[in-house]
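Encoded as structure tokens, the structure appears first; notes follow it.
Only heavy atoms go into these numbers, but all of them, side chains included; no hydrogens, no water, no symmetry mates. Just follow the structure's listing: the first ligand is 1, and inside any ligand the first atom is 1. Counting from 1, the numbers follow the sequence of the chain as shown.
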Amino acid sequence: MNKEQLEQIANGMVADGKGILAADESTGTIKKRFDQINTESTDDSRRDYRELLFRSEDAMSNWISGVILFDETIRQKAKDGTPLVDLITAAGSIPGIKVDAGAQDLAQSPGEKVTEGLDGLRGRFQEYYQLGARFAKWRAVINIADHLPSQYCLNANAHALARYAALAQENNIVPIVEPEVIMDGPHSIERCFEVTEAALNALYDALYEQRVFLEGTILKPNMVISGTENTNRANIDQVAEQTVFCLKRTVPSAVPGICFLSGGQSEEEATAHLSAMNANFDMPWKLSFSYGRALQQSALQAWLGKEENVAAAQSAFNHRAKMNGLAAKGEWQATMEKAA
Ligand code: 5MM
């Protein structure tokens, strides 16, 4: 393990005003996204869509520090034969890879999930490094319900996240650790706080036990936010305050950066929350984004699977990337959306 290299990559992932594009939708998830725009999901259409994102010059050179890829994409070539990974590095961004095999039902605990994918992971990391990946991602799914999550679920997922993280670092790949507390449900922001705090405590206990080098990691958490079906939703300032308060209680200052997932927030909500945190609080880590839907929604709607819409889709992606880059510095204003 080369600690210096890990630290350098992790710091690059949270360079000033930059964040991560999560383009690691598995085949099933990207099909759902393409269904929304009546576009067939094929090897070529997935390649064309990802290629248009990675060739969005303003976004990729100025606002996107790294891209999380799916296994298929890290091996794919652009239409002109250039490996997609090379488009990313040519823009000065870092290629990363999703290595988990998805969340499956947790045995003996109805309603809960545990993420799989540890078998053979050491060898897969070696191959992904050769293919150009310098960071990786593993996502745990934690559901909130009346009596959930159980401590069993939090511990099982934290253990897997730590095993993955230790293996990634052994191969000089920076692990993004993502314990996602799901937004679905009628729960309050207070309940989200309680569950997020417990999940992060379990995670950092496991990372410590398994000797993970925190300076060479990135955390990808949910924000502390009301459930989607809650009728009395917390506002932007409350989300920013509760999120920062929760992270300060749980995340060691040795961690260089925290890059949020968007989790079903609208594009503008995800940007506004991030900017409010950076504008109003002093923190020991960089706070940035690792958004999937909140970076791609407008671009997908502009593209509609049509070649003639590529420029419009790129312009939508460039705009979202810039808004989030500014939010990572606390400099975003709602008026910037209207002006655009
Ligand atoms: C882009 O979506 C990622 C992959 O999901 P699946 O494995 O289910 O296909 C997902 O892990 C994503 O990286 C994070 O959830 C953040 O994305 P959002 O859309 O929540 O910002």
Side-chain angles (χ1 to χ4, degrees), residues 13 19-36 41 46 49-50 53-54 59 63-74 88 94-105 113-117 124 133 135-144 157 160-161 164 174-185 192 196 199 218-225 227-228 239 243 257-274 287-301 317 320-321 323-325 327-328:
M13 290 162 71
I20 295 165
L21 165 65
D24 58 312
E25 298 87 355
S26 50
T27 314
T29 303
I30 196 77
K31 182 180 179 312
K32 279 190 220 153
R33 307 275 185 266
F34 281 12
D35 284 348
Q36 290 163 0
S41 178
R46 294 192 290 272
Y49 174 61
R50 266 85 184 233
L53 294 176
F54 308 158
W63 312 105
I64 300 294
S65 58
V67 182
I68 314 173
L69 301 168
F70 184 56
D71 181 80
E72 173 188 68
T73 322
I74 201 170
I88 296 169
I94 311 168
I97 182 78
K98 184 241 292 293
V99 299
D100 67 67
Q104 303 297 334
D105 290 344
K113 301 275 179 194
V114 67
T115 301
E116 297 189 345
R124 288 172 60 216
F135 70 92
K137 192 201 85 173
W138 179 289
R139 171 174 172 254
V141 171
I142 294 148
N143 292 313
I144 300 186
N157 277 294
L161 274 161
Y164 137 81
V174 169
I176 295 182
V177 286
E178 180 181 2
E180 178 174 0
V181 176
I182 301 291
M183 269 173 76
D184 298 353
C192 180
T196 304
I218 295 289
L219 173 67
K220 176 166 174 167
N222 53 285
M223 294 181 192
V224 174
I225 195 165
T228 40
V239 170
T243 303
I258 298 175
C259 296
F260 292 104
L261 59 93
S262 58
Q265 298 178 53
S266 72
E267 288 180 323
E268 206 171 314
E269 261 179 338
T271 307
H273 287 145
L274 177 63
L287 269 200
S288 188
F289 58 90
S290 173
Y291 295 157
R293 286 163 287 179
L295 268 172
Q296 299 183 51
Q297 195 62 31
S298 308
L300 266 174
Q301 292 298 333
F317 176 51
R320 265 317 353 119
M323 294 298 101
N324 286 307

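Counting atoms of ligand 1 from 1 in the listed order, those under 4.0 Å from a heavy atom of E180 are 15 (O). Within the listing of ligand 1, atoms 18 (P), 20 (O), 21 (O) sit less than 4.0 angstrom from a heavy atom of G263. Under a 4.0 Å criterion applied to the non-hydrogen atoms of S262, ligand 1 contributes the atoms 18 (P), 19 (O), 20 (O), 21 (O). Near L261, meaning under 4.0 Å from any of its heavy atoms, are these atoms of ligand 1: 16 (C), 21 (O).
At under 3.5 Å, a nitrogen or oxygen of S26, whether backbone or side chain, sits near a nitrogen or oxygen of ligand 1. An N or O contact shorter than 3.5 Å is missing between Y291 and ligand 1 by distance. Checked against a 3.5 angstrom limit, the closest N/O atoms of A22 and ligand 1 fall outside it. Of the polar atoms of K98, at least one N or O is found under 3.5 Å from an N or O of ligand 1, judged by distance alone. Annotation: G292 places an N or O atom under 3.5 Å from an N or O atom of ligand 1; distance criterion only.
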For a side chain to side chain contact (heavy atoms under 4.5 Å, CB included) check, start with the C-alpha distance between F260 and N324, then their side-chain angles and the critical distance, and finish with the verdict.
CA-CA 11 Å; F260 292 104; N324 286 307; over 6 Å; no
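Going from atom OH of Y164 over to atom CD1 of I176 covers 6.5 Å, rounded to the nearest 0.5 Å.
For the pair V141 and N157, the minimum side-chain heavy-atom distance is 4.5 Å or more. Inter-residue side-chain proximity for M13 and C259 is flagged as unmet; no heavy-atom pair is nearer than 4.5 Å.
No salt bridge links E180 with K113; every basic N to acidic carboxylate O contact stays at or beyond 4.0 Å. Between K137 and D24 there is a salt bridge, since at least one side-chain N of the basic residue sits less than 4.0 Å from a carboxylate O of the acidic one.
Of the candidates R33, K220, R293, the one placing a heavy atom closest to atom 16 (C) of ligand 1 is K220. Taking each of R139, E25, K137 in turn, the one with a heavy atom nearest to atom 13 (O) of ligand 1 proves to be K137. In the candidate list I68, I182, T29, T29 is nearest to atom 6 (P) of ligand 1, counting heavy atoms.
From the protein, the heavy atom lying nearest to atom 1 (C) of ligand 1 is D24 OD1, 3.4 Å. The nearest heavy-atom contact from the protein to atom 14 (C) of ligand 1 is E178 OE2, 3.2 Å.
The only member of R50, R139, K31 that meets salt bridge (charged side-chain N to carboxylate O under 4.0 Å, His left out) when paired with E25 is R50.
Side chains of Q296 and Y291: a donor-acceptor N/O pair is absent below 3.5 angstrom, by distance only. For the residue pair T27 / R46, no side-chain donor-acceptor distance below 3.5 Å is found, with atom types taken as modelled.
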